[in-house]
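Please read the structure below before turning to the comments.
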Amino acid sequence: MIKKYLTIIIILLASACICAQQPAEAPLAESENTYIEQEKTSLLQKVEIWYSNNMNYWSITALMAIESSFIPFPSEIVVPPAVYVAANESSDLNKTASYPLNVLIIVLFATFGALIGACINYGLSIWLGRPIIYKFADSKIGHLLLLSGEKIQKAEEYFNEHGKISTFIGRLIPAIRQLISIPAGLARMPFLAFLGYTFLGAFTWNMVLAIIGYVAHGQADLINRYNHELSIAILAIVGVAVLVWIIRKVITTRRARG
């Protein structure tokens with residue numbers, strides 16, 4: 001099984017590398033030249049173009065709502081790239097003449113999305129109750145969503161130990177951030193207090209991510225100079241991450257069967 005997954009990963013990485021460095025051919029018609037120029041762009045540039053053409057405030061809100069719910073989705077691939085491309089005049093994220101103001105708007109919409117996702121967890125916890133929440137976390141669907149009763153228990157213990165403030169502090173801790181709303185709901189924390197602490201925590205976290213994107217934009221010339229090398233590095237990191245995940249999944253499955 002591991003060999004099968006390794007083969008797939010190698011093929012995908014090789015294909016992506018080939019696409020990222022297609023050589024230019026003889027001059028053709030303008031439309032064909034445009035196509036060739038697109039093919040010559042590196043993976044990093046293609047990602048930047050995609051973000052610039054497709055990301056807007058509402059898509060950021062939706063993605064951050066997903067990230068803040070029980071569905072595993074990294075906020076690190078939403079806010080920093082959005083802030084990076086917000087300076088592009090063609091981007092839907094460039095709504096004002098002030099780049100810092102555009103960044104602030106992105107952070108506010110991302111925080112609004114995080115509140116939506118947190119409220120989903122909070123409401124489901126109250127509605128379903130502790131037994132069903134734990135049963136779902138330990139189900140096959142729950143495991144596919146990277147949930148487990150152990151993770152829920154750790155989040156609940158953290159909430160019980162730190163109280164209401166944990167819904168603020170927990171938003172800054174990667175292992176706790178997405179789950180801290182669940183024990184808040186199970187404990188029936190007052191909703192207004194929950195909203196307040198969650199907003200502060202999510203806003204702080206999104207500001208940290210925004211600063212990363214802002215700093216990266218300040219190094220745009222350096223990034224563009226080495227975009228090909230960075231593209232290869234990103235592919236390598238993704239490949240290693242996928243490989244590690246597959247190996248851990250296979251080991252966990254074999255241990256469960258054995």
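The figures that follow rest on heavy atoms only: side chains count, while hydrogens, waters and symmetry mates do not.
Both V79 and L172 belong to a common hydrophobic cluster when Ile, Leu, Val, Met, Phe, Trp and Tyr are linked at side-chain heavy-atom distances under 4.5 angstrom. L101 and V85 fall within a single hydrophobic cluster, where Ile, Leu, Val, Met, Phe, Trp and Tyr are joined by side-chain heavy atoms under 4.5 Å apart, directly or via other members. Hydrophobic clustering (ILVMFWY, side-chain heavy atoms < 4.5 Å, transitive): L192 and Y197 are in distinct clusters.
Interatomic distance, CG of L93 versus CD1 of I106, reported as 4.5 Å (0.5 Å rounding). The CG atom of N160 lies 10.5 Å from the CD atom of Q153; values are rounded to the nearest 0.5 Å. Taking CG from L209 and CD1 from I77, the interatomic distance works out to 11.5 Å, rounded to the nearest 0.5 Å. The structure places OG of S139 at 12.0 Å from CD1 of I132, a figure rounded to the nearest 0.5 Å. Between F191 atom CZ and T198 atom OG1 the span is 9.0 Å, to the nearest 0.5 Å. From I180, atom CD1 reaches atom CD1 of I173 across 8.0 Å, with rounding to the nearest 0.5 Å.
Aromatic rings of Y214 and Y99 (six-membered ring for Trp) have centroids within the 6.0 Å cut-off, being under it. Taking the centre of each ring, Y57 and F109 come in below the 6.0 Å mark. For F199 and F112, the ring centers are positioned 6.0 Å apart or more.
Heavy-atom contacts from other residues, nucleotides or ligands closer than 6.0 Å to CD of E157 number more than 12.
Side chains of F159 and I182 form no contact here, defined as non-hydrogen atoms less than 4.5 Å apart. Contact annotation: the side chain of K151 approaches that of L179 to within less than 4.5 Å [non-hydrogen atoms, C-beta and beyond].
In terms of modelled atom types and a separation under 3.5 Å, the side chain of S91 and the main chain of N88 share no donor-acceptor contact. Counting only distance, with no hydrogens or angles, the side chain of S69 and the backbone of I66 share a donor-acceptor pair below 3.5 Å. Under the 3.5 Å distance criterion, the side-chain polar atoms of T204 are matched with a main-chain donor or acceptor of L200. When atom types are taken as modelled, the side chain of Y122 and the backbone of M189 share a donor-acceptor pair closer than 3.5 angstrom. Not a single donor-acceptor pair under 3.5 Å links the side chain of S166 to the backbone N or O of H162. Panel note: side chain N94, backbone A87; a donor-acceptor pair is recorded below 3.5 Å. S59 places a side-chain N or O within donor-acceptor distance of the main-chain N or O of N56, the cut-off being under 3.5 Å.
Taking both residues in full, the closest heavy atoms of I126 and G185 are given as CG1-O, 3.2 Å, listed atom of the first, atom of the second, then distance. Across N121 and S68, no two heavy atoms sit closer than the pair ND2-O, 3.5 Å. When all heavy atoms of A155 and P183 are compared, the pair lying nearest together is O-CG, 3.5 Å. Heavy-atom minimum distance, G213 versus V83: C-CG1, 3.7 Å.
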Step by step, would you call T96 with N102 a side chain to side chain donor-acceptor pair (under 3.5 Å)? CA-CA 6 Å; T96 75; N102 291 333; 2.8 Å; yes
Residue pair S125, R188: steps toward the side chain to side chain donor-acceptor pair (under 3.5 Å) verdict: CA-CA 9 Å; S125 299; R188 296 184 178 273; over 6 Å; no
Pair Y134, E156 - check side chain to side chain donor-acceptor pair (under 3.5 Å), show working. CA-CA 11 Å; Y134 273 85; E156 195 166 10; 2.6 Å; yes
Could you go through I60 and M55, starting from their C-alpha distance and side-chain angles, then the distance that decides it, and tell me whether this counts as side chain to side chain contact (heavy atoms under 4.5 Å, CB included)? CA-CA 7 Å; I60 290 174; M55 290 295 284; 3.5 Å; yes
The test is side chain to side chain contact (heavy atoms under 4.5 Å, CB included); show your working for M64 and N206 and say whether it passes. CA-CA 10 Å; M64 291 302 292; N206 289 328; 3.3 Å; yes
Side chain to side chain contact (heavy atoms under 4.5 Å, CB included), that's the test. Do T111 and M207 meet it? Break it down for me. CA-CA 9 Å; T111 302; M207 280 298 297; over 6 Å; no
